[in-house]
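Heads up: the structure comes next, in structure tokens.
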Number of protein chains: 2
Amino acid sequence: MANAGTAQKARSSVDRIVERLYDDIRHMRLLPGTRISETDIAAQFGVSRQPVRDAFNRLANMDLIIVRPKKATEVKKFSVAAIERSRFVRASVEKEVLRLAAQRCTEADGFLLDSCISLQHKAMSEGDNAGFTQLDYEFHKTLCDIARVPYAFDVIRGEKEKVDRLCMLQLSKENRMPQLVEDHEAIAEAVKAGDPEAAAAAGATHLSRLDDTIAAIRITSAAYFDDSED
Amino acid sequence: MANAGTAQKARSSVDRIVERLYDDIRHMRLLPGTRISETDIAAQFGVSRQPVRDAFNRLANMDLIIVRPKKATEVKKFSVAAIERSRFVRASVEKEVLRLAAQRCTEADGFLLDSCISLQHKAMSEGDNAGFTQLDYEFHKTLCDIARVPYAFDVIRGEKEKVDRLCMLQLSKENRMPQLVEDHEAIAEAVKAGDPEAAAAAGATHLSRLDDTIAAIRITSAAYFDDSED
DNA sequence: ACGTCAATACTTGTATACAAGAAAGAATAC
DNA sequence: GTATTCTTTCTTGTATACAAGTATTGACGT
């Protein structure tokens, strides 16, 4: 979990399997509720059950699959409680980051934010979806840096990834880009102005967009949500 | 060995091993840097290497041990970065909880807080260390309930446990109890008064105590800290 | 046609055996 | 005595075999 993004040199079979399954689950190629078998995956990768078993363990600890004794392992459904928790953590951290950023933003930091946003404008006008996603990450990372809490970005990214899989169900992302850029501009202005509460409020507004999206998906894709608690 | 009198739940070997090792690590019976071998643990539990291997995997995902290919697995040292991150998350979440609690605290909630604190006074005067720890958890859980974000407590408890192992190095905890109760009282007052910022500030003060403790331990027990980054 | 029951297939949990590499210790050369 | 090199041992990674339980499916009786 800690090294989800870093490129490992010596990748074992387990690493490869985890990477592949993680990607499949994240991109909803493996839908929630899908049953996956150790034997099947082992055959697909041409290895024994053992590495697959280890991989399953890792994924289970990431709460991406659920493996019960003597029952078929399956891709975990979305837990409303888990999503709420994750959203709350991200909102709390991000708001704290924005408060700190507003307090500590230097002139140079302000220019940094401006350049981030102009890049976003560029990506938006070009319809560069993937590029925009990357820039979105970088914007939030920049804010963490400005707040002098770079480690906070790890948390934000982690929580973001936890619910990212949901957003794969969303059809059009492009029509939301202008809204997001507007939000970013509001955040940047508040931070540059040194107004912590305004920055936190702008951040809250920004995050609430995702809440709406999730609420909508929850209705359209109810089958992928877990009715019981965890 | 199979069932020592009490009705055992369906705990697998892996569960038992994880539970035991987790407890040993948390209570610093297994010190950071200690090398542990799959074979050894397997022999101790009278099982094969396989369940131990699974247990190691789970613990590695919890960032409690580090297992590298062909190198001895060892109990992970304290990572300054990880501690900072964890502290930041807990502080962010707890402050957000307190803000919400202050906004949403009813009269009945206020009485709840009062009863929590009087129980803490009782445990303190009796020198009931374990009881106080439990009450401390319950106090923070109550605040989450008052804030109408009960799931936030999961996060707080999780982050708390991540650094709890550090506090095992601390000799006397009793002399800190009066300070903690004072903090709790300040928090409760601000929440009952419906003052979000005062509540958040009181919470920040409360958490800063732990930061001081950690800073002290970092010096006295430098050997247990990891110098490199992760 | 439908309900009940049993056998079968498929699931994960565990044990054992072998492979590959790293670290530590012993032996040797200087 | 010291440094270096080689061997030995210990480590985890992987493959295979067996065990135990569940779910499905088929057959059979009503």
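Throughout, protein chains are lettered first and strands after them, A, B, ... in sequence-line order, and every chain is numbered starting at 1.
The salt bridge (charged side-chain N to carboxylate O under 4.0 Å, His left out) test applied to B:R58 returns B:D15, not counting sequence neighbours. By the salt bridge (charged side-chain N to carboxylate O under 4.0 Å, His left out) test, A:K122 pairs with A:E126, sequence neighbours left out. Residues satisfying the side-chain contact (heavy atoms from CB on, under 4.5 Å) test with A:L31, not counting sequence neighbours, are A:M28, A:T34, A:Y224. For B:F88, the ring-ring contact (aromatic ring centres under 6.0 Å, His included) criterion is met by A:Y151, not counting sequence neighbours. For B:Y22, the ring-ring contact (aromatic ring centres under 6.0 Å, His included) test picks out no residue, with sequence neighbours left out.
Rounding to whole angstrom units, CD of residue A:E38 and C1' of D:dT16 are separated by 14 Å. Straight-line distance from the CD1 atom of A:I17 to the P atom of D:dG13: 13 Å, rounded to whole Å. Taking atom CG of residue B:D15 and atom P of nucleotide C:dT12, one finds them 16 Å apart after rounding to whole Å. Remark: P of C:dT11 and CD1 of A:I65 are 14 Å apart, rounded to the nearest angstrom. With rounding to whole Å, B:N57 atom CG is found 11 Å from D:dT12 atom C1'.
The side chain of B:T73 contributes no N or O atom lying less than 4.0 Å from OP1 or OP2 of D:dT11.
The residue among A:K70 and A:S13 whose nearest nucleotide of DNA chain D is located toward the 5' end is A:S13. Each of B:R68 and A:K71 lies near DNA chain C, and the nucleotide nearest A:K71 is the one positioned closer to the 5' end.
Look at A:R29 and A:D24 and you find a salt bridge, because one of the NZ, NE, NH1 or NH2 atoms lies within 4.0 Å of a carboxylate O, short of that distance.
For the segment residues 39-56 of chain A, the set of residues with a heavy atom within less than 4.0 Å of an atom of DNA chain C comprises A:R49, A:R53, in numerical order.
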